[in-house]
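See structure below.
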Amino acid sequence: MKLLVTGGAGYVGSVCAAHLVETGHEVVVLDDLSTGHRDAVPPGARFVEGELGAAAGDVLAEGFDGVLHFAARSLVGESVQRPELYWHGNVVASFRLLEAIRAHSTPRLVFSSTAATYGEPEQVPIPETAPTRPTNPYGASKLAIDHMISSYTAAHALAATSLRYFNVAGAHEAFGERHAVETHLIPLVLQVALGTRESISVFGDDWPTPDGTCVRDYIHVDDLADAHLLALQYAVAGEHSIYNLGSGQGFSVREVIEACRAVTGHPIPAVTAPRRAGDPAVLVAAGDRAAERLGWKPSRTDLERIVGDAWAFAHKRA
Ligand code: UDP
């Protein structure tokens with residue numbers, strides 16, 4: 001297939017673009033490089049530098065079989081401080097993309113949605129049928145796009161899939177996580193092992209969890225990429241499918257730090273800090289729907305494997 005990958009110079013987008021190129025698809029990456037990196041665009045993909053909303057129409061006019069839409073702002077804290085960036089950068093830009101998809105009759109769309117659309121869960125593991133009550137503008141902007149996609153799918157015979165990521169982690173052999181402002185647990189812990197950070201702050205140790213620290217569902221970015229390929233394959237015109245992407249297993253902040261110690265051999269000092277606003281205690285996916293309908297089964301679920309791949313990438317770049 002000829003596929004447009006928006007945000008293909010970012011972490012998840014670059015890894016998915018690499019998987020698409022490796023499986024023989026023709027890939028065009030559209031990215032404004034606001035947070036992505038030119039050298040993260042995989043060799044074999046054509047690169048177009050441009051702002052999504054402005055450039056999508058011209059690019060899609062060439063004719064494509066599908067769009068994988070990763071381009072987004074994705075910092076929860078920033079979304080609370082500066083919501084306008086999220087309504088514009090995520091919702092308005094995605095609306096323009098959908099309009100370009102409609103104008104050029106692009107048949108397929110795979111969208112990077114998020115577990116943040118659910119907000120504070122009533123039930124864990126979280127199924128796709130759980131209520132969606134996002135607790136921050138980031139999650140709200142992604143949910144708004146999911147609703148937009150549903151209406152376009154029904155009205156314009158688009159075959160669409162939203163993939164709700166839990167905690168994406170690990171690295172592909174060539175591409176991984178490189179954020180200018182790093183907020184994610186595993187790369188921050190690995191910075192301590194690399195010597196660029198003194199200690200890791202544990203945001204709260206009095207949560208109602210077995211060891212008092214928050215529990216998350218860490219999913220390897222290569223497993224995530226596999227799900228995107230399956231989503232393209234199984235998409236049906238006129239249907240908007242929504243799938244959670246997680247492994248269904250939860251690891252606490254302390255367990256993650258322990259795994260990083262085991263992988264790196266570094267003592268990694270940890271300091272208890274106040275809870276971070278908006279953090280739910282436990283977020284774990286019920287992944288049955290993706291297993292049943294896409295045949296997706298994550299295979300890189302061992303925590304030390306996930307951390308080990310992130311470490312190999314971080315080390316290579318240091
Ligand atoms: N966390 C932490 N210290 C940090 C960064 C994150 O204790 O310096 C915790 C955070 O409170 C959450 C978990 O690690 O419970 C994962 O956070 P991350 O930001 O990686 O992902 P999120 O779950 O917010 O999407």
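Counting starts at 1 for both ligands and their atoms, following the listed order. The structure displayed is predicted, hence computed values, not measured ones.
Remark: side-chain polar atoms of Thr264 are paired, donor with acceptor, to backbone N or O of His266 under 3.5 angstrom.
When ring centroids are compared, His172 and His19 come within the 6.0 Å threshold. In this structure, His147 has its ring center no closer than 6.0 Å to that of Phe95.
Annotation: atom 4 (C) of ligand 1 to nearest protein heavy atom, Phe203 CE1, 3.3 Å. In this structure, atom 20 (O) of ligand 1 lies nearest to the protein heavy atom Leu185 N, 2.8 Å. Atom 24 (O) of ligand 1 has as its closest protein heavy atom Arg276 NH2, 2.7 Å. In terms of protein heavy-atom proximity, atom 23 (O) of ligand 1 is closest to Arg216 NE, 2.7 Å.
For ligand 1, none of its N or O atoms has an N or O atom of Val202 under 3.5 Å away. Checked by distance only, ligand 1 and Asp279 come closer than 3.5 Å through their nitrogen or oxygen atoms. Where the criterion is an N or O separation shorter than 3.5 Å, residue side chain and backbone included, Val253 fails it with respect to ligand 1.
By the criterion of side-chain heavy atoms lying less than 4.5 angstrom apart, applied directly or through intervening Ile, Leu, Val, Met, Phe, Trp or Tyr residues, Phe166 is not grouped with Tyr243; the two fall into different hydrophobic clusters.
For ligand 1, the atoms closer than 4.0 angstrom to any heavy atom of Cys214 are 15 (O). Close contacts of ligand 1 with His184, meaning ligand atoms under 4.0 Å from a residue heavy atom, involve 18 (P), 19 (O), 20 (O), 21 (O). Atoms of ligand 1 found under 4.0 Å from any heavy atom of Ser201, numbered from 1 in the order shown, are 2 (C), 3 (N), 4 (C), 7 (O), 8 (O). Close approach to Thr183 involves these atoms of ligand 1, each under 4.0 Å from a residue heavy atom: 5 (C), 19 (O). Ligand-side atoms of ligand 1 in range of Ile200: 8 (O), range being under 4.0 angstrom from any heavy atom.
Residue contacts with ligand 1 for Asn167 involve side-chain atoms from C-beta outward but no N, CA, C or O (heavy atoms, distance under 4.0 Å). Contacts between Val256 and ligand 1, counted as non-hydrogen atom pairs separated by less than 4.0 Å, are absent for every part of the residue.
Within 6.0 Å of CZ in Arg275 there are more than 12 heavy atoms belonging to other residues, nucleotides or ligands.
Residues Trp87 and Val92 fail the side-chain proximity criterion, which asks for heavy atoms closer than 4.5 Å.
Taking a cutoff of 4.0 Å between a charged side-chain nitrogen and a carboxylate oxygen, Arg133 and Glu122 qualify as a salt bridge. Comment: Arg300 engages Asp226 in a salt bridge, judged by a side-chain N to carboxylate O separation of less than 4.0 angstrom.
Distances shorter than 4.0 angstrom occur between a heavy atom of Tyr218 and an atom of ligand 1.
Remark: Arg164 is positioned above the aromatic ring of Tyr118, its terminal NZ or CZ atom under 6.0 angstrom from the ring centre and at most 45 degrees off the axis.
Using cut-offs of 30° and 60° for the angle between ring planes, the Tyr218 and Phe251 rings count as tilted.
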